[in-house]
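Naming: A, B, ... by sequence-line order, numbering from 1 per chain. These numbers were taken from a predicted model, which means no experiment stands behind them.
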Amino acid sequence: MTIRCRIAPSPTGPLHIGTARTALFNFLFARHVGGTFVLRLEDTDVARSTVEFERDILDGLHWLGLEWDEGPEVAGLPALGPYGPYRQMQRLPLYQEAAERLLSEDRAYHCYCTPDELAADRQAQEAAHQAPHYVGRCARLSPVERRAREAEGRRPVIRFRVGEGKVAFDDIVRGHVEISTEALGGDLIIVRSDGTPLYHFVVVVDDAMMAITHVIRGEDHLSNTPKHILLFRALGAEVPDFAHLPLILNPDRTKMSKRMGQTAIADYIAQGYIQEAMVNFLALLGWASGTEEELFTLDELIARFDLSRVHQGGAVFDRERLEWLDGQWIRRLSADDLVDRMAPFLAADLALLRATGAEVREPSEGDLQALVPLVQERMPVLGAIGSLVDFIFLESVTVDPELLVPKRWDAPTTLEGLTAARKVI
RNA sequence: GCCCCCAUCGUCUAGAGGCCUAGGACGCCACCCUUUCAAGGUGGAGAUCACCGGUUCGAAUCCGGUUGGGGGCACCA
């Protein structure tokens, strides 16, 4: 049986650092074992999904070099793989059919509770210091009761019966995990009243239908895994193996959030972090080779990656380390490559200066080549190029005199030196 | 509140019972190199391995508890 894993981003926001890391680990695992890496777009949250976010996510994955073997059609290119469609909104009939099946086998039922009723339940539970859960008001409705609610105009959701007992599984990175169904929050909604399916349901239907063998995802899904296992079983599908990755953390050790810093890959690309460094950095968040090497190309990572070496504790996103890695990889670029990559950053910076009214000379190809030895060893990120060399392209420059005085020199000595230098030049 | 997970320098981490006087890297400090800034080199500070108890001749490593932290509990994903 071939190993199949997937990344299933939701286009409700730009490509997040955490999603990128999860994608990377899935990719590395698949490539290491010669398996298949699938991309699936989870766009069932129609209200929040946009094509712009979808574009951003796909671009980001491409930029990272994480090519998928199967995935949806994009920008005129056809879908890849025999398990399509790979966009969930195009799979609606499949979910509907699966839901019908669960309904007909009484593994699921229609629930007519209103949002108000549910909110009241929750409030009461909170007051009683209980975990929020569905009370099961509609779990055993008679046909007559159902008809009465239909007559009121209520549109039902579909709930899955979680049943009783414990659900246990052996997580590849966490080991044995056991959770009681009582902790699952009651029977869960799998289809909204408008007929669209919910995450926990579609993720299982798709993983089952796409023959996913290994689900590698963030630790935030660990407590949800029993729901998924129950659903796999109810659907008569084989339960895949799970590997829950440690979370990427803010400096205060909470789950990485926009509030505490940049979380979008696109932001890092815009600042001039290079792909090699980002891949290397992300790989080292929760994984280590076990040797003292720490500079790895994507191919080297593929060769060494091993899920059993993934950490259990969360990892703080350390920008300084990212920056150091970026400098390391910039220094390893060939001159031509560096020219290609830094040119847009320099152009953008010069355009900015021009917009302020400064007279700016256009850099020639020769200029750029000549810049390489000047900047390659002192750029932490490509975006720093402007601040390093923009004066070269300016017709007039004003410099803070303070900056001209070297350490342990004074102003008169400096003036003397500069005057002498000018004479020579 | 309930459930689950986690715990080695500030940070990323090595560590699979004796190789540990706990190693490497980032960051920090000093010096060298350099008439700038970096890069590079050398060295330094920095961890009673969260705590308590147990198992063992021997525990950072195994077990139990405590504490602390995090995550999950939606008609979000």
- Query: P atom, B:C20 versus B:C3: distance in rounded Å?
  - Reply: 43 Å

- Query: In the structure shown, which nucleotide is the Watson-Crick or G-U wobble counterpart of B:C62, with both distances under 3.5 Å?
  - Reply: B:G54

- Task: Go through A:Arg137 and A:Asp187 one step at a time and tell me if the salt bridge (charged side-chain N to carboxylate O under 4.0 Å, His left out) criterion holds.
- Result: CA-CA 10 Å; A:Arg137 198 167 14 241; A:Asp187 295 338; over 6 Å; no

- Query: Does a nitrogen or oxygen in the side chain of A:Gln123 sit under 4.0 Å from OP1 or OP2 of B:G1?
  - Reply: no

- The single option from A:Phe296, A:Phe317, A:Tyr273 that satisfies ring-ring contact (aromatic ring centres under 6.0 Å, His included) with A:Phe281 is A:Phe317

- Task: Searching all strands shown, indicate the nucleotide that pairs with B:C2 (Watson-Crick or G-U wobble; both distances under 3.5 Å).
- Result: B:G72

- Flag side-chain contact, heavy atom, 4.5 Å: A:Arg155 against A:Asp194: no

- Under a 3.5 Å limit on both distances, the Watson-Crick or wobble mate of B:G10 is B:C26

- Taken in chain and number order and not counting sequence neighbours, the residues that satisfy salt bridge (Lys or Arg N to Asp or Glu O under 4.0 Å) with A:Arg48 are A:Asp45

- Note on the structure: As its Watson-Crick or G-U partner within any shown strand, both distances under 3.5 Å, B:G40 has B:C32

- Considering only atom C1', compute the distance from B:U8 to B:G23 and round it to an integer number of Å. 11 Å

- Roughly how far apart, to the nearest Å, are B:A77 and B:G72 at atom P? 15 Å

- Integer angstrom distance from the P of B:A7 to that of B:C51: 14 Å

- Report yes if the side chains of A:Ser387 and A:Asp349 come closer than 4.5 Å at any heavy-atom pair, otherwise no. no

- Message: Taking the P atom in each of B:G53 and B:A60, what is the distance between them to the nearest angstrom?
- Response: 14 Å

- Task: Select base, sugar-phosphate, or nothing to describe what A:Glu178 touches, counting heavy atoms under 4.0 Å on all strands.
- Result: sugar-phosphate

- Query: What is the ring orientation for A:Tyr199 with A:His228, classed by angle as parallel under 30°, tilted 30 to 60°, or perpendicular over 60°?
  - Reply: perpendicular

- Item | Check: A:Arg174 side chain, B:C5 base, donor-acceptor under 3.5 Å | no

- Span that lies between the P atom of B:G17 and that of B:C63, in whole angstrom: 12 Å

- Query: What string of B, S and - do you get for nucleotides 72-77 of chain B 5' to 3' if you count protein non-hydrogen atoms under 4.0 Å?
  - Reply: SB-BBB

- Without hydrogens or angle criteria, can the side chains of A:Asp206 and A:Tyr86 be said to hold a donor-acceptor pair below 3.5 Å? no

- Distance, P atom - from B:A50 to B:G69, rounded to whole angstrom: 16 Å

- B:A47 pairs with, by Watson-Crick or G-U criteria that keep both distances under 3.5 Å: none

- Query: Taking atom C1' in both B:G64 and B:G71, what distance in whole Å separates the two?
  - Reply: 24 Å

- Message: Which label fits A:His244 and A:Phe242: parallel for a plane angle under 30°, tilted from 30 to 60°, or perpendicular past 60°?
- Response: parallel

- Is there side-chain contact between A:Phe29 and A:Asn26, with heavy atoms separated by less than 4.5 Å? no

- Find which nucleotide of RNA chain B each of A:Val177 and A:Gln130 is nearest to by heavy atoms, and output the residue with the more 5' nucleotide. A:Gln130

- Message: Can you measure A:Asp252 atom CG to B:G68 atom P for me and round it to whole angstrom units?
- Response: 17 Å

- Do other residues, nucleotides or ligands put more than 12 heavy atoms under 6.0 Å from the CD atom of A:Glu97? no

- Query: In the 5'-to-3' direction, what one-character label does each nucleotide of nucleotides 10-23 of chain B receive under the scheme B = base within less than 4.0 Å of a protein heavy atom, S = sugar-phosphate only, - = no such atom?
  - Reply: -SBSSS-------S

